[in-house]
Each structure stands twice: as structure tokens, then as C-alpha cells.
Chemist: 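Structure in C-alpha cells, see below.
Counting starts at 1 for both ligands and their atoms, in listed order.
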Amino acid sequence: MDKSTIVCKCEEINIDEIETALKAGACQFDDIKRLTRCGMGPCQSKVCTNMVREIIAAYTGEPMEHIEYPKNRMPIKITRLGVLVANQETSSVVSVFKESVSEVDTNG
Ligand code: FES
């Protein structure tokens with residue numbers, strides 16, 4: 001595959017940039033994320049995770065099962081701003097988490 005192929009569409013990171021990060025010592029997705037911003041775009045790595053993991057697996061020779069997924073941070077789901085600003089007592093990390101969890105429960 002052409003090294004200029006874009007893997008992370010949100011941050012426009014290509015295969016060559018990921019391999020450069022691997023050569024610089026990156027071992028997992030989060031290392032590459034810190035070095036390149038890959039996975040930090042609006043989709044929060046939903047699109048690029050497995051492509052990057054495949055590149056890491058091919059580069060390191062490790063099986064895919066040994067390549068970690070990127071760590072997710074709150075909010076882990078799209079969150080309505082109203083949850084954050086509506087009421088000081090309910091606008092907390094806990095309420096954001098509850099909304100995220102309830103969306104997961106209702107959406108499957
Ligand atoms: S495609 Fe990588 S963050 Fe969206």
C-alpha cells in the first residue's frame with residue numbers, strides 16, 4: 001500500500017507518519033496518538049483504530065490481539081450540551097456518564 005495513504009481521515013495522518021512514530025519508539029496506539037494526533041479527531045478514533053492497529057501489528061510482528069485499543073476519555077458518547085449546562089447540581093461528570101450509559105442501554 002502507498003505510504004501516503006491516509007489512515008486517520010480526521011487528522012489526515014498517513015501510513016508513513018505512523019511508521020515514523022513506530023520507528024521513533026511508539027509501541028501502541030496511544031503512543032502514536034501522542035506523537036501524531038492520530039485518533040484525536042472528531043470521531044475519536046472510531047474510524048482509524050483498527051487500521052492503525054493493523055499497521056502496528058505488521059510493523060512489530062505481534063498478533064492483533066496483543067495490540068491495545070486506544071484509551072477513551074469522557075464523554076465517551078456524543079453528549080448534549082444541555083446536560084453540561086442545564087443545572088449546576090446535575091451537570092457533573094456523573095450525569096454525563098449516566099446519559100452516555102443510558103444511550104448505550106437504549107441503543108443496544
Ligand atoms: S479517523 Fe482518526 S480520529 Fe477520526
Chemist: How many angstroms lie between atom CD of Glu68 and atom CZ of Phe29, to the nearest 0.5 angstrom?
Modeler: 12.0 Å

Chemist: Got a second to check how far Met40's CE is from Cys10's SG, nearest 0.5 Å?
Modeler: 12.0 Å

Chemist: Kindly state each residue pair satisfying side-chain hydrogen bond (donor to acceptor under 3.5 Å, both in side chains) with at least one member in residues 14-25, sequence neighbours excluded.
Modeler: Lys3-Glu19

Chemist: So, do Ser45 and Tyr69 sit near enough that their side-chain heavy atoms are less than 4.5 Å apart?
Modeler: no

Chemist: Given the rule in the side chain to side chain contact (heavy atoms under 4.5 Å, CB included) test, do Ile67 and Thr60 qualify, once you have shown the distances and angles that lead to the verdict?
Modeler: CA-CA 10 Å; Ile67 310 299; Thr60 61; 4.1 Å; yes

Chemist: Minimum heavy-atom separation for Ile13 to Thr36, with atom names?
Modeler: CD1-O, 3.2 Å

Chemist: Near atom 4 (Fe) of ligand 1, which protein N/O/S atoms fall under 2.8 Å?
Modeler: Cys10 SG, Cys43 SG

